[in-house]
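Proteins come first, then strands; the chains are lettered A, B, ... in the order of their sequence lines, and each starts at number 1.
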2 protein chains.
Amino acid sequence: MVSSEALAERAGTTGAQVRKDLSSFGSFGTRGRGYGVDPLHARIREILGLTRPWQVALVGAGRIGSALHAYPHFRDRGFRIVAILDMDPAKIGGAWEGTPIRDVGELEAVVGAESVEIVILAVPASAAQPLAERAAAAGVRGILNFAPVRLRLPEGVEVNNVNLAVELEALSHALSLEDARR
Amino acid sequence: MVSSEALAERAGTTGAQVRKDLSSFGSFGTRGRGYGVDPLHARIREILGLTRPWQVALVGAGRIGSALHAYPHFRDRGFRIVAILDMDPAKIGGAWEGTPIRDVGELEAVVGAESVEIVILAVPASAAQPLAERAAAAGVRGILNFAPVRLRLPEGVEVNNVNLAVELEALSHALSLEDARR
DNA sequence: ACCTGTGAAAAAATTCACAGCG
DNA sequence: CGCTGTGAATTTTTTCACAGGT
């Protein structure tokens with residue numbers, strides 16, 4: 001068993017917050033005791049949609065793509081990278097851990113053949129918008145975008161942006177505030 | 001010149017929001033015209049603390065470290081990766097674009113000698129906490145942490161966490177909600 | 001005695017709407 | 001006329017605090 005307070009400490013928040021959040025998905029704690037770890041874990045997996053695997057295509061076989069492909073926590077959670085695509089002829093025909101790197105021209109064919117629902121976009125900013133449009137048109141439902149551009153896509157395609165520079169800038173901002181206070 | 005509405009469209013928010021946010025740092029727009037692009041850019045650089053360079057050490061020369069080291073937007077914004085550290089003897093002694101990869105045992109020495117203020121932690125979860133503590137003790141002011149653990153550090157050290165799995169999970173959650181609505 | 005679940009209160013963020021300047 | 005800057009209204013999020021199970 002684990003209490004809301006113990007969870008809060010790990011997550012960097014408060015017990016009340018944890019209870020409010022969890023209660024919005026139903027009440028599965030036990031008064032006086034806390035939450036059972038296994039049921040809680042199972043319920044969160046359900047909420048996050050991790051009880052079934054997701055077919056993922058990685059678009060962009062550069063350094064960021066490489067890091068993401070090797071990231072063990074993706075596979076752990078049921079994200080299956082079933083295809084890798086790139087435009088560089090020097091990379092096409094190669095393979096990472098047995099998964100071939102294919103020509104990005106085959107994007108639509110791969111999405112169809114492999115029932116890809118999620119695309120991880122790890123390409124330069126200039127290439128992102130057209131590739132995102134093609135992925136969306138091919139039927140992809142969600143895009144995890146590492147390019148520093150806001151993608152304009154038709155309704156119904158979920159986009160999540162990750163901007164690594166922003167995180168460092170936030171740190172820089174916080175440290176500058178400290179300096180200013182002195 | 002650019003209007004708050006035009007900025008909002010690019011950023012995915014509203015004009016009122018942009019104006020409120022900017023006004024909290026003073027008023028530097030022109031009524032009837034909008035914001036001058038150059039002055040606005042300069043002011044934001046100031047606010048983010050990007051008008052001076054930051055000395056950064058990259059701890060962890062794995063795939064994520066490699067991607068970050070090559071990320072052009074860090075250098076652009078004045079983040080100087082002045083040292084790379086790793087514990088793998090196979091990597092130590094090598095170099096990335098002229099920057100040598102040194103033994104992580106030299107962390108304290110490097111932080112002192114190079115006046116490192118920010119550490120990018122790109123190491124496995126199990127190694128993160130002790131390395132963060134050492135960096136903090138050596139005088140580092142901010143840590144950008146890619147390991148999926150909540151670092152416990154003394155007051156006064158800023159920590160920003162980046163968790164790549166969380167972003168994919170959020171996408172999975174959103175798509176599951178769509179499925180449930182059907 | 002302990003800890004959840006949740007209304008009620010408080011705080012924070014967002015939106016509205018418009019006076020005022022260019 | 002156009003667009004900022006900003007109080008006021010509204011909505012959302014967080015915290016409080018305690019009734020009610022175990």
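- Comparing D:dG5, C:dT15, C:dG5 by their nearest atom to the side chain of B:Thr14 picks out C:dT15.
- Using a 30° and 60° split on the angle between ring planes, A:Trp96 and A:His69 fall in the tilted class, from 30° to 60°.
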Check nucleotides 1-3 of chain D against the protein and report each pair of N or O atoms closer than 3.5 Å, with its distance, or say if there are none.
unit_1, atom_1, unit_2, atom_2, d
D:dG2, N2, B:Gly32, N, 3.3
D:dC3, O4', B:Gly32, N, 3.2
D:dC3, O2, B:Gly32, N, 3.2

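- Contact check on B:Asp179 versus A:Arg141 returns a salt bridge, with a Lys/Arg side-chain nitrogen under 4.0 Å from an Asp/Glu carboxylate oxygen.
- Distance, B:Arg43 CZ to D:dT4 P: 17 Å, rounded to whole Å.
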**Report entry** Test log, rule salt bridge (Lys or Arg N to Asp or Glu O under 4.0 Å), inputs A:Arg43 and A:Glu46
**Finding:** CA-CA 5 Å; A:Arg43 189 74 185 86; A:Glu46 272 177 38; 3.2 Å; yes
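- Note: CD (B:Glu5) to C1' (C:dA17) measures 14 Å, nearest angstrom.
- Per the geometry, CG belonging to A:Leu22 stands 13 Å off C1' belonging to C:dC3, to the nearest Å.
- Within the 4.5 Å cutoff, side-chain heavy atoms of A:Val123 are placed close to those of A:Val59.
- One interatomic measurement links the two molecules: CG of B:Asp21 to C1' of C:dT15, which rounds to 13 Å at whole-angstrom precision.
- By the 4.0 Å N-to-carboxylate-O rule, A:Arg45 lies too far from B:Glu169 to be salt-bridged with it.
- With a 4.5 Å cut-off on side-chain heavy atoms, A:Leu153 and A:Glu133 count as touching.
- In this structure the side chain of B:Phe146 never reaches within 4.5 angstrom of the side chain of B:Asn160, judged on heavy atoms.
- Taking 4.0 Å as the cut-off between side-chain N and carboxylate O, B:Glu117 and B:Arg52 count as a salt-bridged pair.
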Pairs under 3.5 angstrom, nitrogen or oxygen only, protein versus nucleotides 8-13 of chain C, please.
unit_1, atom_1, unit_2, atom_2, d
C:dA8, N6, A:Lys20, NZ, 3.3

